[in-house]
Colleague: 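Once you've had a glance at the structure underneath, I'll fire off some questions.
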Amino acid sequence: MFQSRTHTCGELRIEDAGKKVKIVGWMENVREVSANLAFVVVRDFYGTTQAVVQNEDMMSFVKGITRESTISIEGEVRERTSKNPNLPTGDIEVVPEKIEVLGRCRYNELPFQINHSREADEATRLKYRYLDLRNPEVKSNIVLRCNVVAALRKSMTEHGFLEITTPILTASSPEGARDYLVPARNHPGKFYALPQAPQQFKQLLMTSGFDRYFQIAPCFRDEDARADRSPGEFYQLDMEMAFANQEDVFAVLEDVLPPIFAKYGKYNVASEAPFKRISFSDSMEIYGSDKPDLRIDLVVRDATELLSDCGFEPFAGSTVKAVVVPDFTQTRKFIDQLCADVEVVSGNKAFWFRLDENFDLVGGISKFLTERKNAIIAALDLKPNCFVGLTSGKKLAAQKTAGVLRKMLGASVPGHMDAERYEFCWIVDFPMYEIGEESGELEFCHNPFSMPNGGLEILDKVEKGEADPLAITAYQYDLVCNGVELSSGAVRNHDPEIMIKAFELVGLGEDDVKAKFPAMYNAFCYGAPPHAGIAPGVDRMVMLLAGEDSIREIIPFPMNKTAQDLMMGAPSAVEPKQLRELHIVLDVKE
RNA sequence: GGCCCAGUAGUUCAGUUGGUUAGAACGCCAGCCUGUCACGCUGGAGGUCGACGGUUCGAGCCCGUUCUGGGUCGCCA
């Protein structure tokens with residue numbers, strides 16, 4: 001039987017000298033200094049400890065052990081004659097009396113070197129994720145994730161929220177993303193769906209009288225991945241509050257998140273309550289994005305009236321946006337690269353000019369501007385050595401391109417970004433409706449569950465032609481941190497009458513509401529509380545805190561971009577018998 | 001589905017205008033080394049240059065197709 005260790009590989013100190021100990025772990029390295037002197041490095045979850053081998057029998061035994069085998073070492077702790085101040089255990093070493101191999105690593109060569117696994121090819125890392133995770137650097141992100149989740153749970157519970165789990169096998173939802181479907185063996189031809197979010201369940205909990213709900217909820221969406229979006233599955237800190245409005249929800253997260261960000265984040269400064277509130281339309285106008293990075297002090301200015309008729313062809317009849325950077329000393333090469341990068345990311349061109357130290361407009365498109373030089377200087381408030389980046393196009397395209405330009409300038413021109421902090425803001429007053437690009441018809445902008453600002457009254461006005469449906473905003477909000485959309489939430493529409501009216505405006509009716517959301521509609525007909533909620537993405541939160549650029553770095557067993565688990569071999573073919581039981585006939589084209 | 005980037009030793013990469021036997025570092029193997037800690041020194045093994053086709057006297061390099069991976073747009077109530 002395996003006898004337990006007395007100490008971990010991270011805890012022995014100079015005070016332990018003289019003690020008989022047993023340590024266990026992975027044999028990370030053997031430094032063979034001579035024929036009868038070698039240093040063996042043992043690594044476990046907690047750290048590394050050095051053992052020193054000084055007799056020839058033990059030397060030859062150690063030489064026969066492959067790296068990354070698990071071993072146990074029993075012996076005496078002693079003070080090192082040459083200490084290593086860079087290691088917590090660097091003052092001591094273990095002199096082994098007995099070394100035992102617990103689990104032999106059968107390979108001399110690993111797919112990658114454990115301590116350099118982050119440099120290895122990503123597909124290889126994912127296939128051998130259990131080895132990748134042996135790397136303390138990789139492991140630390142998972143530990144961080146555990147700590148953050150535990151802190152979120154604790155804080156939410158302290159705020160009076162109950163953690164309630166909701167079904168994983170549920171009904172397919174007609175709106176939103178593509179569902180993951182699960183065939184129902186006992187119901188031929190029918191399917192469960194994995195939840196895209198516990199949205200309807202949490203709203204039902206509100207109608208059942210649970211006042212404050214939360215859940216670290218797994219969510220499943222069959223959509224394509226991104227660097228910050230894991231394919232298939234992800235986790236949300238899902239929460240909902242009864243008899244609550246937008247500000248009530250804001251107050252909870254403004255209380256819960258900053259201490260956790262400050263404690264566990266790579267940067268230990270987080271904005272405090274209240275977070276800045278920015279309307280969707282202001283955010284698009286000032287920052288060129290609905291997820292502004294407020295660490296950047298640059299803003300987007302409107303220059304349509306000033307420049308659209310200046311004679312420069314791309315500006316004619318277009319919206320023109322400007323980003324002004326004072327004290328600009330970057331080279332022409334830098335500017336050309338910047339414009340090229342903006343075009344790659346946004347798909348639209350960026351233009352520029354400068355005001356030099358002699359008060360002359362120079363570079364870029366300046367020759368189109370000389371006639372109205374004074375007006376431009378006054379309107380954009382230009383000082384010598386100002387750089388002006390310009391974008392144009394339809395309003396939304398000009399805004400978004402300017403947003404990309406702003407972000408790149410902020411990140412690359414020194415002095416415009418205080419990067420080492422977490423800067424939160426709320427984006428509020430999202431439009432309720434939009435004209436669908438494909439259909440050309442009025443459609444819900446986000447989801448149909450949100451309460452319109454103005455309630456039944458404003459919807460009635462739209463119906464009578466007295467109000468513009470595109471001007472209606474919803475009590476719908478995003479939480480943004482450092483340019484990352486952490487969360488969407490809303491005050492929900494709990495009134496069946498308003499719900500039906502909201503649907504009628506997009507050409508649907510009561511029957512559609514009942515058909516699409518039967519449980520919620522019926523439940524709301526039995527007396528529902530006004531309620532509101534939000535669901536910050538746990539993965540993205542941890543990614544921000546860890547300072548990682550890829551979401552896969554903070555997920556224990558991530559899938560690759562095409563939603564495959566290379567380690568487990570998922571998705572995989574199944575036995576014909578399984579398919580028969582599920583009443584499934586495959587129709588796969590080669 | 002569109003676009004961009006990458007694919008050369010176990011790993012990370014270099015490879016000039018198309019020209020002899022495709023290199024380096026780390027890792028691996030062997031030897032040396034009595035205080036290493038990214039130990040050091042010497043030597044060695046290790047390659048379907050992602051695949052297929054084309055151009056050429058000659059292709060890792062040029063052209064075409066394709067596969068794989070990543071990024072991005074679409075998509076993500």
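No hydrogens, no waters, no symmetry mates; every other heavy atom, side chains included, goes into these values. Order of the sequence lines sets the chain letters (A, B, ...), proteins ahead of strands, with each chain counted from 1. This is a predicted model, so every value here is computed, not measured.
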Colleague: So which protein nitrogen or oxygen atoms get under 3.5 Å of nucleotides 34-36 of chain B's nitrogens or oxygens?
Modeller:
residue, atom, partner, partner atom, Å
rU34(B), O4', S34(A), OG, 3.3
rG35(B), O2', S82(A), OG, 3.2
rG35(B), O6, R78(A), NH2, 2.7
rG35(B), N1, E93(A), OE1, 3.4
rG35(B), N1, E93(A), OE2, 2.8
rG35(B), N2, E93(A), OE1, 2.4
rG35(B), N2, E93(A), OE2, 3.3
rU36(B), O2, R31(A), NE, 2.8
rU36(B), O2, R31(A), NH2, 3.3
rU36(B), N3, Q50(A), OE1, 2.9
rU36(B), N3, Q50(A), NE2, 3.2
rU36(B), O4, Q50(A), NE2, 2.9
rU36(B), O4, R80(A), NH1, 3.1
rU36(B), O4, S82(A), O, 3.4

Colleague: Hey, are the side chains of P231(A) and K561(A) touching, using non-hydrogen atoms and a 4.5 Å cut-off?
Modeller: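 The answer is no; the side chains never approach within 4.5 Å.
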Colleague: Is R552(A) touching bases, backbone alone, or none of the nucleic acid, heavy atoms closer than 4.0 Å?
Modeller: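 Sugar-phosphate, backbone atoms only, no base.
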Colleague: What residues form a ring-ring contact (aromatic ring centres under 6.0 Å, His included) with Y521(A), not counting sequence neighbours?
Modeller: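 Y521(A) satisfies ring-ring contact (aromatic ring centres under 6.0 Å, His included) with no other residue.
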Colleague: For residues 475-483 of chain A, run the donor-acceptor check on the side chains, cut-off 3.5 Å, and write out each pair with its distance to 0.1 Å, sequence neighbours left out.
Modeller:
residue, atom, partner, partner atom, Å
Y475(A), OH, N453(A), OD1, 3.4
Q476(A), OE1, S450(A), OG, 2.7
Y477(A), OH, A490(A), N, 3.3
Y477(A), OH, A490(A), O, 3.2
Y477(A), OH, G533(A), O, 2.9
D478(A), OD1, S488(A), OG, 2.5
N482(A), OD1, E423(A), N, 2.8
N482(A), ND2, R421(A), O, 2.9

Colleague: Partner of rC3(B) by Watson-Crick or G-U wobble geometry, both contacts under 3.5 Å, or none?
Modeller: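 Matched rC3(B) with rG71(B) under the 3.5 Å cut-off.
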Colleague: Write down the distance separating the C1' atoms in rU21(B) and rG47(B), rounded off to the nearest Å.
Modeller: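 Looking at atom C1' only, rU21(B) and rG47(B) are 13 Å apart.
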Colleague: What integer number of Å spans the P atoms of rG64(B) and rA25(B)?
Modeller: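 The answer is 36 Å between these two P atoms.
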Colleague: Excluding sequence neighbours, so at least two apart, what forms side-chain hydrogen bond (donor to acceptor under 3.5 Å, both in side chains) with N493(A)?
Modeller: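 None.
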Colleague: Just how far, in rounded Å, is C1' of rG10(B) from CD1 of I114(A)?
Modeller: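 After rounding, the gap between these two atoms is 13 Å.
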Colleague: Under the side-chain hydrogen bond (donor to acceptor under 3.5 Å, both in side chains) test, which residues partner Q54(A), sequence neighbours left out?
Modeller: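 Here the qualifying residues are R78(A).
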Colleague: Can you name the residues that form a side-chain contact (heavy atoms from CB on, under 4.5 Å) with T124(A), not counting sequence neighbours?
Modeller: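 Result, side-chain contact (heavy atoms from CB on, under 4.5 Å) vs T124(A): P111(A), F112(A), D121(A), Y128(A).
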Colleague: Using heavy atoms and a sub-4.0 Å distance, could you list which residues of residues 504-516 of chain A are near RNA chain B? By number, please.
Modeller: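 Within residues 504-516 of chain A, no residue comes under 4.0 Å of RNA chain B.
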Colleague: Heavy atoms only, 4.0 Å cut-off, all strands: where does R229(A) land among base, sugar-phosphate and nothing?
Modeller: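 Result for R229(A) = base.
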Colleague: Can you list everything that forms a side-chain hydrogen bond (donor to acceptor under 3.5 Å, both in side chains) with Q215(A)? Sequence neighbours excluded, please.
Modeller: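 Q215(A) satisfies side-chain hydrogen bond (donor to acceptor under 3.5 Å, both in side chains) with T166(A), Y213(A) only.
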Colleague: Could you please name the option among rG27(B), rG70(B), rU12(B) that lies closest to any side-chain atom of N560(A)?
Modeller: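 Among rG27(B), rG70(B), rU12(B), the one nearest the side chain of N560(A) is rG70(B).
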Colleague: In residues 216-223 of chain A, what donor-acceptor pairs under 3.5 Å come from side-chain atoms, sequence neighbours left out?
Modeller:
residue, atom, partner, partner atom, Å
R221(A), NE, Q196(A), O, 3.1
R221(A), NH2, Q196(A), O, 3.2
E223(A), OE2, R178(A), N, 3.0

